[in-house]
Each structure stands twice: as structure tokens, then as C-alpha cells.
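One structure is given below, represented as C-alpha cells, and several questions about it will come after.
Note that the structure is predicted; figures quoted are calculated from it, not measured. Per chain, numbering begins at 1; letters A, B, ... match sequence-line order.
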Amino acid sequence: VTEDGKPIVKIGYLPTTHAAPLYFMESETDYDIELVRFSSWIDLMDALNAGRIDGASVLIELAMKAKEKGIDIQAVALGHEDGNVVTVAPHIESVDDLIGESIAIPNRYSTHHVYVHQMLEQAGYSIDDVNLVEMAPAEMPSSLSENRVAAYVVAEPFGSIGVSLGVGKVLFQSQDIWPNSIDCALVMRTDFLQRDEEVSKHFVSNYAKAGLLAEHKDEHALTQINSFLKIKDDVLAQSLQWISYEDLTIREEAFDILREAMVDLQLSTNPPTYEDFVNNSYINEVQ
Amino acid sequence: MKNKWISAFIGFAAVIIIWQLVIIIGDYPEALLPGPAAVFAKWWSLVVNGTLFEHISISLYRFTLGYVSAALLAIILGLFLGRLPKVWAIIDPVVQVIRPVSPIAWSPFIVLWFGIGNMPAIVIIFIAAFFPVLLATVAAVNRIEPTYLKVAANFELSQKDLMWKIILPAAFPAIGSGLHMAIGSAWIFLVAGEMIGAQSGLGYLIVDARNALDLDTVLAAIVTIGVIGLALDHLLRFVEAGVKRMWTGKMM
Amino acid sequence: MKNKWISAFIGFAAVIIIWQLVIIIGDYPEALLPGPAAVFAKWWSLVVNGTLFEHISISLYRFTLGYVSAALLAIILGLFLGRLPKVWAIIDPVVQVIRPVSPIAWSPFIVLWFGIGNMPAIVIIFIAAFFPVLLATVAAVNRIEPTYLKVAANFELSQKDLMWKIILPAAFPAIGSGLHMAIGSAWIFLVAGEMIGAQSGLGYLIVDARNALDLDTVLAAIVTIGVIGLALDHLLRFVEAGVKRMWTGKMM
Amino acid sequence: MTQSIIDVQALHKTYPSSNKAVLENVSLTIKRGEIVAFLGKSGCGKTTLLNMIGGFEPASSGDILLDGERVTKPSQKSIMLMQSYGLLPWRTVYHNVLFALENSTLSKAEKHTRVLKGLALVGLSDRLNAMPSELSGGMQQRVAIARALAIEPEIILMDEPFAALDTFTRYFLQDEITKINKEQHMTILLVTHDIDEAIYLADRVIILAPNPGRIYKEVTIQLPRERDRASRDFQHYRELIFNEFHLSHEPPAIEYNI
Amino acid sequence: MTQSIIDVQALHKTYPSSNKAVLENVSLTIKRGEIVAFLGKSGCGKTTLLNMIGGFEPASSGDILLDGERVTKPSQKSIMLMQSYGLLPWRTVYHNVLFALENSTLSKAEKHTRVLKGLALVGLSDRLNAMPSELSGGMQQRVAIARALAIEPEIILMDEPFAALDTFTRYFLQDEITKINKEQHMTILLVTHDIDEAIYLADRVIILAPNPGRIYKEVTIQLPRERDRASRDFQHYRELIFNEFHLSHEPPAIEYNI
Ligand SMILES: Nc1ncnc2c1ncn2[C@@H]1O[C@H](COP(=O)(O)OP(=O)(O)OP(=O)(O)O)[C@@H](O)[C@H]1O
Ligand SMILES: Nc1ncnc2c1ncn2[C@@H]1O[C@H](COP(=O)(O)OP(=O)(O)OP(=O)(O)O)[C@@H](O)[C@H]1O
Ligand SMILES: [Mg+2]
Ligand SMILES: [Mg+2]
């Protein structure tokens, strides 16, 4: 992907709070960056798999699944730390109230699925005690408002939007269920990373720095993020309170918990291992 | 008849050969473009473990409900609106503006009103089928040979007889082609309909398999959808022929 | 003519009143079902800041490319295939199976071959338009009055003259209704087409606004799509009338 | 039998879509049981006149009385045999004829007998289950005749009823029509292009002149029934009407000058 | 002028879709410049015979020679005037006639003159820019006649060419046809339902019998041209042909028994 010799790095994303570090990235002297916005994870993964984009901030489970299927990609950094909430209907007071109800998640291959699983197990139930429904995040607040589902777990800012619309409230934050969880990650195609090691390094380190900019959560950060999300400022501020972009390293312990959960949830029989899939070399260089 | 089957066989054989050639020449990763053999193997495994039939039956259930209710409502409304040009002049522009909007664009409102699961799929299929049938019916009623209306007036038919003995049979061939058009486009929207919170059906199967980058399954489902779509069209032809026989009076 | 406008006005006024009533009676949160005033305000702001026209023009660009190329290719292919019933017998079953499959189901393969951005939108519109026009053209050629072919044979027309002076004009009215059907369904798939990595266009605007739960914009875009769809259909009617005039020879 | 059944008084007709008068000042009295033939150039308004008598088309001015009552809409009293037959293509031959009787008070068996009788008359007893599209033009015309006769109307309005028939069938049906007319005192109004047919069938031949359509001449045919087409008197009427017909057109008809 | 232009030898025809013979053992010789009329009941195979002579329909067995050459496909030498006119509805009247000349070697001006002459002949000079759908049936038939004449073929095959015309126009065109036949030695084959028309026009009338279609009788009309329809001799032929025609049908035609 070059033009006048200067590489263009194409990164796919969905307009969520979780992809915030990307919003602070700018073109440099040795590469240009092009952010490609998608409207659903599935379309984004199609583009990544087909090599039409070089990388993406994506649900890590979808990327692991693609890796398992033989797509040569690797995770080089987290998208964010924490920052997911379980949004429930006003009458839900505890996990017990959710039993037998429908719970919406954005995708089967998502950490949100794992959160639901863990939340239920921690309360002594199993995932089969609720009715899981996959749906587009944008439709979750109205589903909750019309009592089609009793709760939803999804990438921000949709939890925050639900709360601000008054259709739901926060039952848990993700760190209450699974501290230091892994959710979205910056996943890059290996062929891109290997094409020019210097650019790759530079790019990932800029990504980490951008995370720190987002972490400020100040006026400037809010404006910058909202130029991508276009939601109300107070909703975004709420959303940012739940999230951190400080350390975007993918930890092995968390990754192993995730692998195990994926097997438990029958999302995968043989998920890629930490060694195969995670490449911390770039982000380590920054720290 | 036999020739027809041979031709169809040649056609499908050619498609499979071209497909295999594309894979060999294009050198695509198996994960991104599975070959015919892999797709057939997957299809067979879905048949054997029964999941395919489950998905097919739930999809057909949703489709039948959505399509049949749309067709009946559209035909009945259309027969009356076709006879009331002043009312139609008011409704027509609204319909013309609503029709070209994709059911995908409506989905936030469909969720709001109809929730998730079966209903959105049924509603989307309903929408996709309703407008073509309505427009075809109104047009058909408007284009009825004036001669038939003249004959009806000459023999002093009642309003009810006029509707049942003249207008419906006279308009039926044109309504029929509307029904065919609608069965095609409604079936196309099955996939879109089953993306909204459904946890089963052929559309869900495709979306779910796409998530898992399981393109064997996607293609197996595509082929299944195509074949069923074709079968539905033929089924409709039978129904049409049956309806037409109703008023020929060929029973003496 | 004036009556037509008055009727349309009554129709749209009724829709707006019902819409407002639904909001008042249903007591839906404004964010989930915006009222006509809010939608109009949003629409106006999109007009004023010029974004709406940007989206419209890129959508029309993609649509025109996809639709016109599909229509031309389908008509030319259809004219020949209609005259070659043996070849058509081979291709027809394949077409019948491919046609009912949603472009959404194809999208992994569309991305693989055509990438993201403009091309997938153009390709999806192409697919949505191609099959109806092809089928309509083949059917039209097959249904040409044998009398015309007899006349052509009697006056010993060459193959080229036969195609241009007899087959094309005779089949054109039926091809025209295929073109109308196709313009509707292709425009419906604009939204699906602009979901695949496009960064602009009315479809993108809808999906993106939906993701931001900005339903004012979604409805403003829906109305815009509907109105443009209607306008395209009327434009096509002009083109058809123009083409028909070509071979009347009314210029003496 | 001699009382008037149809009374056309100072009829004018202009179609709303054009401002040219199609019919002008047509007055006409027809007695019960009479057969009246209308002759005139194509486009002179014959179909329009029949349509107005049948109640299918409103008059622009003037009156049409049927049995003393003003005609405002079609009725079963006067059945129209249309130029385009008007069969229902989705019904069999049998059910097309039955259609005429469906809202009558006859018993089922009576209806059946009448339908069969009507179809036998026109020679189609063996095609009861055929669809109209499977018949030749002439056969379709005969089904339409059977349907009109089945209801035994007081008046039949016929618009070129035998145009698609071969000579032999035409002659046969012409004889049947005169028979029915005599037996049932049915009044028959008949539009035709065929001078011989008019002379053979009609008690009175009315020649219309075109632009605008008006009555040009009436010729009463004073021949006994069972007329002989080769007879001297027949020849005489043929010549008379041909000449009148010729004269009814504006002489030097420009369009025929090469 | 007396050499034979069409030679039909032992022609049989069965349509593939049915196993009933439509034509059986038809043999026929037609001389250049002759006018031959075919009479026969509806469905007896008249159109089929004309179609085969025109090359539109293959024979099941037997031969058709045109100028000594076997007919295998249609050609410009023999133009067919079809029962359904065969006008191109998307062209104006002018361009429908011009169609016949489009691949001839005439200059543009010559073509124009010929088209205008042909349309003048049939009295349609003032409707050059009309579309066929804007014309009455009779006018359409006249355009088709003009188109066939424009190309000046050796043979014209006419399938009930005057059926939709009123008496007066029909008489006029019958006269024109005999004139053209005399001037250009055009050979004319004519199917008609009208015995008078056959007698007025033809040098020879061929009566076909149905089921299967075969030649039943030939009647040579030995009347001088400018025939008088009211003359004694004309009457004689009329009676003769009517009787033959009657006999050509299997007597007691069952379908006419009520
Ligand atoms: N619905 C109509 N609107 C306007 N003009 C009409 C309409 N119907 C007929 N005309 C005109 O009225 C005139 C008479 O038409 P009509 O059909 O009565 O003629 P006709 O004598 O029956 O001719 P034909 O012998 O060809 O059947 C024609 O000039 C025709 O163009
Ligand atoms: N394409 C066809 N396939 C099968 N049978 C046919 C076909 N065309 C005509 N026939 C049959 O052949 C016979 C002769 O038909 P044809 O059209 O030649 O009759 P015709 O003498 O011209 O009748 P008319 O006077 O009604 O025009 C009829 O019995 C008809 O049913
Ligand atoms: Mg008429
Ligand atoms: Mg014929």
C-alpha cells in the first residue's frame, strides 16, 4: 500500500470509545495513516482477512478465530483496559433477576460473551440460564427500553448511551467481573508488519502514545474522540470514566483466561496460543 | 423435459469447474474462498447433523408468515384501491417514496416496535413483499379491459359479483407476476431480516458463519438459499395455476 | 396535474400527522423515535452544511455506474441469449439459483475480489440490477410476436438489421418494465452496498448515524433516499420515452 | 308488435376528449320485433350509436327511451354483442354462456338446458370445456352470440356480429337470427359492413353519413322472409343501397386521388 | 406471360404439434400475372397454404417451386400480406412503408417517392406520421398493402386483405389491385371469405375442402375485367360457387343439428 514511496497504513475501526487511541493518531514523515470506518465487526473482519486493510482495532476473539482459520495476523496492543458495563433494565437488582431473561451481546465472538459467562458463574449460574441474543449495538438501547431484553453488555459508548437515555442502569463494570480483561485489540496483518520493521515500530509506538493522549480525558481529548463518535459530550464523559488507555500491553495471564473461556463457550476448539498470536515486541519497546 | 435437466446439469457443472479454476489460478487461501469439494462436504455434514433442516424450517416459517400475509393484504387492498383512484392518488406518492428504502435502514424502528427474534424477520419479509404486490395489483385493476366492465354492467352484476367474477380473475395474471417479483425480493431480504436478533434460520447461519470465518458454511447456506428460492418460485406457479383453475369452471 | 400535487400533499400531510400521533400516543423517547419537526430540522442542517449533497452525489455516482453498466450488459446479453434458447437453457437454472441470494451474503467474496469503498457498492448495485434486467430481456425476446420475425424474414433482413430494427424495438417495452423493477431494487441495495467499508454516501450516512443512535439523521436520510428513488424512476421514464422516439422515425 | 320499443330523439354526441361532433341530430323509432341494420363508413359513429342505445355511453344531448323509460345505464333488457366479443378469457365456453344466467331466478337444471341449447344453436356443443383462447375468431363470435341469446333479452345490439365468420357459417347464423327474431319477437339492431347482409336480414336499412355521423337515408326492405340473395329484387336493393352509400360520402374523396 | 411462376406439387402438411393432416396432396400451377382466389371454411388450411408458398412454413412432403427454384425460406420476391397486418407498432406509417425499401439499392429520393405513391394509393397521404395504434383496423390494413406494393414484388400473397374495410373502400382497393396486376404483371394469391370478392378479382377461384385441407374444385372466371357485380354472369358464378362451397363440406355437418 504505497504511493510516492510513502506507505499508507490502513486501519479499520468501528466508532466506539474502545478504539479511542486511533482517533489521536496522525500521519508521520515515514507513513500516512488512513482510518477506515466500518459499521459492523463482520464487514471489518472481511476487509482485514482479505488484506484490504493492514490492521484494525477489533474484538480480539474475532481476530483469534481468523488466526485459527489460517489468516496471518497478530495482536500487537490492547484497545483499552476495562470500560465495559453490564447495562440492565431498571427493575433488575442482581444477577438472580436476570435468570431466564434475554441478554444482548454484540457478537458471539466477543469478550462481552465471556463477561456474561463469568458473571453468571460467579453468581452460581451457568450461561444456559439466560437467553443470549446477538444484535447490533445501536439496537440495544431500544430493545432494553421496550423490554425485549433485560440487559446488554457491549462496547462503549452504548452502555453510557443507555444510561443517559434513562432506559437502563449499570449493574456491573467489567473490572468487577474480570479485572484486567482483554477486549478490543490492535490486530495487524503479519505481512504488513514485516514489510518495514521501522515503520511498524514507529506506528505501534505512536499508537501507545495516542493512548496516553486519550487517557487525559480532558477537553481536548473529548473533542477529538467526539469528532469520530458524534454523541453527546456528557455521555462520552461518562463512558470515558469507565475506561483506561494507560497500559495497552496484552498480558499472558489474561489471554489464557480468555482462551479457556473461548473453549468453555465452544467458540473455538483450538484457539491460538499467546506465543503464536500476541506480539508484544513493539509495545514493549515503547515502555 | 429430460433435455431441461441435462442443460441444467451442464450449467451447474460449468459453474463448479469455473469455481475450481478460479481457486487454482487465483491462489486464494482456502479460508477465504473454499472450493466446491469443501463446501459440499460442509453442506453434507450440516444435512447429516440435522442443523441445516432446523435452519431451513425456521426460515421457511418466517418467510411463509411474512410473505403470505403481505400478499393477501396487498391483493385485497390493491383490489379496492384500484377501484378508488382518488384515494390511490393520495396513497400512491407515499408508497412510491417508502418503497425504495431498504429494510436495513428501517431496522432501528423495527426493533423498537417489533422487538427481536422472529418478528423483525417476518416484518422485513412482509415489507419486501408488500409493496411489489400492492403496486402490481393496483396497476392490474386499472388496466382491466374496459370490455369486461362493460359486460358486467350489461348483465347487471352486483358489486360483490363484479369483484369476484370480473375484477379478480381479470387482474389475476398481472397480480401473479407481482407475486413472482415479490417472492424473489422477499427471499433476498431473509438474510437481512435474520440479522436482527434472530438466533436461527439460514440468514443467521450465514451471519454466524461469517463471524467465525467459516466460509464453507456461508457458501453451503448460499447454495441452499438459492435452491429454496427457486423451489418457492415454482411452488408459487403451482398455486397460481390452481387459483386460475378455480374460475375456469372446468369441472363439468 | 394540479390535482395530482394536491393529492400527494394530502398523502404526505397524513403521514406526518400519523407519525406525530404515534409519538404522542406511544410515548416513545425522542431519541428512539424522533418526531417530524426534529427530522426536518436535522435534514435542513444537513442541507445547509452541505454534507447531504456530498453523500447524495457520491451515492448517485456509485448507483449510476453500477446500474447503467448492469442494464447495458444485461440488455445486450439478454438480446443474444433470448435468440439462443439452447445456451439459455444452460445458463437459466444457474441464474435462477444465484438470483435469490442476498448481496449481503456475498459480501465476504465481494470484499475479497473488489476490496472496500466504492467498488463493493457498485458491484452490489450491479448484481441487484443485473438479474432482473437480464431475465426481463430474455423473456421479452422470447415473447416477440412471431409476426414481426415473419415480416423481417419476408423482407430478407440481415442479422444486424434484425437485431436493431426488429428485436430491440419489439422487446423494448418489456425490457423497460425490467429496467423499472431493477431501478427500484438496485436503489434498495444502496444501503447494503455502502456498508462495506465505504466512508460516504447515503447508505453510509444511515448506518453510521444508526451506530451513533442519531435517528434524526437516519430518518432524514431515509426520506432523502425515498425521494431520490422516486425521482430516479421518473428519470428512467424520460429516458425510455426518448429511446422509443428513436425508432418511430417521427422526424419528417 | 307494432308499438315502438326504442325511441331516439335528437341525439347529439361529442366525446369529451375531442371537440368534433361524432353524432349529430339522430332521431329514430324502432318497433318491437323489428330488425334494423346500420350501414356506414368506418369511423362514422355506428358503434357509438349502439353504445348509447345500450346505455354504455351518455348522450351529449337528446334522449333515448327504451320501453318509454329513459336509458341511463346498461341493463339486461338490451344485450350488446361487442365488436371485440367481450368473452371472459378465464372461463370455459360453457361458463361464459352460463355467466349470462348466473343471477337469474332459473333453476340450475333450466340454466344448464338453456346454455346447452344456445351453444348447440351456434354449433359449439362439442367445445363446452374449451377456453376462449383455444377457439378461432369465428368460434369466439359464436360463443358471444350464444351468451346474448341465453338471457332472452328484449333487444340485441349487434356490432358486426358475423365479421369473422366464413360465408357458410355466416349464412347459417343469419337464418337462425331471423328465426329467433320471428319466434321471440326479439328486436335486433345490427351494424354491418356488408350490404348483402343488411339486405338479407333487415326490415329497414339505415345509412349513416360521416363527419359528423347522421342519418343519411332509410331504406325499407320489402322482401318476404327466406330471401333469395340471387333474386332480381335483391339485386335491386343492392344497387340502390350501394349508390346511396356512395352518395353519402362527400364526393371527390380527396384521399383517393393519387 | 403465360409461363408458370408457382408450381405446387403433391404438397402435404402436418403440424408437428398434432398428428392430423392440415393439407393433403395439394397440387397447383399458377401462371405469371394471374390472380387466384382461395375460398374455404375457417380452419381448412388457407393461411397454412399461403404460408408454405411464402416459405414461412416447411412442407411435410411435396415441393413448391417459385420461378423453377425450390422455396426454402421467405424472400422479397413474394411478399405476404398477413391476416394480422404485421405492421411494426413502433414505427410511423411512413416508416412502416419505408421499411420495405430500406435495404434496396434505390436512392433516398426514389424511396421517398415510392413510399408517398404507395400511401397515396391507399388513401393515407395525410397520416404519414401517425403510429399504427392510432389508426382504425381498416387503415392499418391499407398501410400493410402499401408496404407490400412498395417493394414491387413478383408475387403478393394476401390473407383476407380487405376484411376490415367498409364496402366502399373495399371496392376501391379491389379495383386498384386489378389495375396493378394488369400494369405490372404482378401475380396475386388471395385468401378470402367473401365469394363476391373472389369472383370480382380472380382469374381462377380455388375452393378448398376441410379436414384435411385439399383442393375441392377450381372455377375459372371467364368474365372481362371491369366486372359488374350486378350482372347476370356474376350472379351465375355466385350461385355456382356457393353451391360448390356448400357441397365441399361434409353434408349433415353434425354441429349444426340442435
Ligand atoms: N372513446 C372515444 N373518445 C374519443 N373519440 C372516440 C372514442 N370512441 C370513438 N371515437 C371517435 O368517434 C368516431 C366514431 O367512432 P365509432 O367507433 O363509433 O365508429 P364506427 O362507425 O363504429 O367505425 P367502425 O366501422 O370502424 O367500427 C371515430 O371518429 C372515433 O375516432
Ligand atoms: N402452428 C400450428 N400448429 C398446429 N396446428 C395449427 C397451427 N396453425 C394452424 N393450425 C391448424 O391448422 C388448421 C388450418 O389452419 P389455418 O390457419 O391454415 O386455417 P385457415 O383456413 O386460414 O382459417 P381462417 O379462415 O380462420 O383464417 C387449423 O385446424 C388449425 O387448428
Ligand atoms: Mg364500430
Ligand atoms: Mg387464415
| message | Can you tell me which portion of C/Phe131 sits under 4.5 Å from chain B's heavy atoms? Options are side chain, backbone, both or neither. | response | neither
| B/Ile222 portion near chain C, given a 4.5 angstrom heavy-atom threshold | both
| message | Restricting to ring-ring contact (aromatic ring centres under 6.0 Å, His included), what partner residues turn up for C/Phe130, sequence neighbours left out? | response | C/Phe126
| request: Mind checking ring-ring contact (aromatic ring centres under 6.0 Å, His included) for B/Tyr204 and listing every partner two or more places apart, or none if nothing turns up? | output: none
| task | Can you sort out the partners of C/Phe172 under ring-ring contact (aromatic ring centres under 6.0 Å, His included), two or more places apart, ordered by chain and number? | result | C/Trp247
| request: Classify the side-chain pair C/Ser185/B/Arg99 by whether it contains a donor and acceptor separated by less than 3.5 Å. | output: no
| How close do B/Val101 and B/Trp106 get, heavy atom to heavy atom, and via which atoms? | CG1-NE1, 3.7 Å
| task | Tell me, out of C/Leu219, C/Ile228, C/Asp233, who's got the most heavy-atom pairs with chain B below 4.5 Å. | result | C/Leu219
| field | C/Ser177 (side chain) donor-acceptor with C/Ala174 (main chain) under 3.5 angstrom | value | yes
| message | Under a 4.5 Å cutoff for heavy-atom pairs, which residue among C/Gly203, C/Ala186, C/Ser107 has the most contacts with chain B? | response | C/Ser107
| said: Sub-4.5 Å heavy-atom contacts with chain B: which residues of residues 7-17 of chain C show up? | reply: C/Ser7, C/Ala8, C/Ile10, C/Gly11, C/Phe12, C/Val15
| said: To the nearest 0.5 Å, what is the distance between CD1 on C/Ile225 and CH2 on C/Trp187? | reply: 6.0 Å
| message | Centre-to-centre under 6.0 Å for B/Phe189 and C/Phe189, is that the case here? | response | yes
| C/Gly229, C/Pro100, C/Gly26, C/Ala221: which one forms the most heavy-atom pairs within less than 4.5 Å of chain B? | C/Pro100
| field | chain B contact via C/Val218 - side chain, backbone, both or neither, heavy atoms under 4.5 Å | value | side chain
| message | Can a side-chain donor-acceptor contact be found between C/Thr217 and C/Arg210 if the only test is distance below 3.5 angstrom? | response | no
